[in-house]
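The block underneath contains the structure these notes are about, expressed in structure tokens.
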Amino acid sequence: MPLFALVDGNSFYASCEGVFRPDLIGKPIVVLSNNDGCVVARSAEAKALGIKGFVPFFEIRHLCQKHDVAVFSSNYALYGDMSQRMMQVIGRWGIDQEVYSVDESFITLDGIPDLREHATRLRADVLQRVGIPTCVGIGPSKTLAKLANHVGKVYPRAQGVFAWHWLTPEWQDKLMARIAVGEVWGIGRRIAERLAAMGIHSALDLKHADPRDIKRQFNVVVERTVAELNGISCLALEDVAPAKQQIIASRSFAELVHDFDTLASAISHHACRAAEKLRRQHSHARLVAVSIRTNRFRQQDAQYAGWEVYPLIHPSSDSATITAAALAGLRRVYRPGYSYKKAGVVLMEIGPADRVQPDLFAPTPDPRRGRVMAVMDHINREYGRGTLRLASEKLHSGWAMRQEKRSPRWTTCWRELPVV
DNA sequence: TCTGGGGTCCTAGGACCC
DNA sequence: TCTGGGGTCCTAGGACCC
């Protein structure tokens, strides 16, 4: 029987901010989404103040002022780098590792004798080397490992580590009966509501539900969740990350945008970011889609959401080609007279760059373009993102996002290194 | 005044093929 | 008048995750 552990960073973004600000130890920390829109991370102290996740910042601003909460704009350069460091350390403690998200990793622990000791030392190692506190949950399926992680967080006595097999089956069930079914991985709000109508309220209820019944009412995914809760592992560890099938680059604007040229600059920028992501996974895309939309929360404004797909003759990962397609799409989708809040580019029909079906009649793209892109990526890696870019990205700058409280890029930018 | 940005998978239904 | 059986592919929409 396999044995999985889920290791995750506690309040990850907030913890990252705390690492370089020892003066904030014991103080509430909140991290905001792009554009300083919503709360995306809260330190334990901030949670204790009653600040909920995903609420718009303006609703809790007064609370933050009153309690002297440290508020940060999101700093993805910092979180991405801290994530890599954390994953590297966690990986040393597992047989195999899957990096599941920016702050979560599954590892397998088959054959390790003293799991409590092992997990405790793992946590200490990450804390010492990276500065991030973690929790470890252990179980015979990924779903049970996730749920064990939840137990490790919620019960202080667990001290951040919990494994199901430390309890007798009876006590396992007693514990599961106290966990709401919505806490189970894969059970979201909608399914939880429908389960409640069927009389299934706790994780234990779902574990004991009839799988055929669940399959009929929902689908195979929920059926698998039932099996996983019963200790039957259905979800394998994915130690190689599959290439993305779809790449999105989009942003809200700090202020409403009305004119085509400003939108064109934003779309150029997003197209280049998307193309860069595409090249990083050595893929080409065949479809470039553009979306623009007004602010859906402003009911007093006329609403418009446009979406246009633009096919490329040759699948490509060339920034200029993809940007040209995105701008062509924008020209078709743009309607004057609206106040735009968000623009984005989506790449689809993605495939490996070394397997491209050429077009019989169209001229073959210049093979030297690939080298131009490689040089551009290299320079941007070496000297910082945006050192080289397309002119069309910079024609107008009226679309920047709000980021008023961003901390320095402590670990990835020479100019912003902490000074001791 | 102020409301994020990514991703994946599954299903149902229609078009179309032999 | 009667109108099969087996399949694939695509799309839209819904659900989930972080």
Side-chain angles (χ1 to χ4, degrees), chain A residues 6 8-9 11-13 30-41 52-62 64-65 71-76 79-80 83 87 98-106 142-143 146 149-150 181-195 214-225 228 234-235 238 241-256 266 269-270 273-274 277-278 281 287 289 291 293-301 307 309 339 341-350 401-405:
Chain A
L6 178 74
D8 75 337
S11 316
F12 185 67
Y13 293 172
V30 154
V31 179
L32 305 179
S33 64
N34 274 325
N35 236 355
D36 294 349
C38 295
V39 173
V40 289
K52 300 273 181 254
F54 279 101
V55 295
F57 177 53
F58 68 84
E59 286 178 9
I60 56 140
R61 181 176 282 141
H62 62 285
C64 293
Q65 275 161 1
V71 178
F72 291 95
S73 303
S74 36
N75 182 348
Y76 291 108
Y79 312 146
S83 169
M87 294 310 171
E98 170 186 342
V99 175
Y100 175 67
S101 73
V102 68
D103 71 326
E104 289 169 287
S105 177
F106 287 103
K142 281 179 157 184
T143 303
K146 275 276 249 188
N149 178 281
H150 171 75
V181 73
E183 298 292 342
V184 175
W185 192 33
I187 307 300
R189 193 171 51 86
R190 288 296 170 84
I191 292 181
E193 277 169 18
R194 285 170 58 194
L195 285 171
I214 294 293
K215 162 101 195 253
R216 201 152 30 85
Q217 296 279 337
F218 301 94
N219 55 39
V220 295
V221 179
V222 187
E223 185 193 19
R224 273 201 292 261
T225 299
E228 286 243 322
C234 305
L235 305 170
E238 292 177 33
K244 303 232 182 302
Q245 302 172 36
Q246 176 180 306
I247 287 172
I248 303 178
S250 72
R251 284 282 183 278
S252 299
F253 308 128
E255 307 199 342
L256 296 176
H269 180 70
H270 299 327
R273 275 206 303 141
K277 292 187 199 182
L278 196 58
Q281 67 166 30
L287 295 183
S291 76
R293 66 162 309 127
T294 51
N295 186 343
R296 62 199 161 98
F297 294 105
R298 285 178 62 92
Q299 282 162 1
Q300 67 272 39
D301 287 0
W307 163 265
V309 179
S339 307
K341 177 63 178 171
K342 185 174 176 181
V345 170
V346 183
L347 303 181
M348 294 171 299
E349 297 209 357
I350 290 173
M401 68 173 174
R402 200 172 346 212
Q403 240 189 353
E404 285 162 1
K405 307 167 182 71

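In what follows, every chain begins at residue 1, and chains take the letters A, B, ... in the order their sequences are listed.
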Taking only side-chain N and O atoms of A:K341, does any of them lie within less than 4.0 angstrom of OP1 or OP2 on B:dG4?
no
State, without any angle test, whether A:N149 and A:D8 hold a side-chain donor-acceptor pair at a distance under 3.5 Å.
yes
In whole angstroms, the gap separating C1' of B:dG4 from OH of A:Y13 amounts to 10 Å
Side-chain heavy-atom pair A:K244, A:K277 within 4.5 angstrom cut-off
no
Counting side-chain heavy atoms from C-beta on, which of C:dC18, B:dG7, B:dG4 comes nearest to A:W185?
C:dC18
NZ or CZ of A:K342 within 45° of A:F253 ring axis and under 6.0 Å
no
Which nucleotide in the list B:dG7, B:dG4, C:dA15 gets nearest to the side chain of A:S252?
B:dG4
Separation of B:dA12 P from A:F218 CZ (nearest whole Å)
14 Å
Side chain of A:F54 (C-beta onward), nearest among C:dC18, B:dG6, B:dG4
B:dG4
DNA chain B nearest-nucleotide lookup for A:Q300 and A:R273: closer to the 5′ end is A:Q300
Can you say whether the rings of A:Y79 and A:Y13 are parallel (under 30°), tilted (30 to 60°) or perpendicular (over 60°)?
parallel
Proximity to the side chain of A:R190 - top-ranked nucleotide from C:dC16, C:dC17, B:dT3
C:dC16
Just name whichever nucleotide pairs with B:dC18, Watson-Crick or G-U, keeping both distances under 3.5 Å, else none.
C:dG5
Closer than 4.0 angstrom, basic N to acidic O: yes or no for A:R402 and A:E255?
no
Whole angstroms only, please: what is the CG-C1' distance between A:L32 and B:dT3?
12 Å
By the 4.0 Å heavy-atom rule, please label A:N219 as base, sugar-phosphate, or nothing.
sugar-phosphate
Reckon A:K342 has a side-chain N or O less than 4.0 Å from the OP1 or OP2 of B:dG5?
yes
Pick base, sugar-phosphate or nothing for A:R61, based on heavy-atom distances below 4.0 Å to the nucleic acid.
base
The side chain of A:K146 is closest to which nucleotide in this list: B:dG6, B:dG5, C:dC18?
C:dC18
From the candidates B:dC10, B:dT8, B:dC2, the one with an atom nearest any side-chain atom of A:V221 is B:dC10
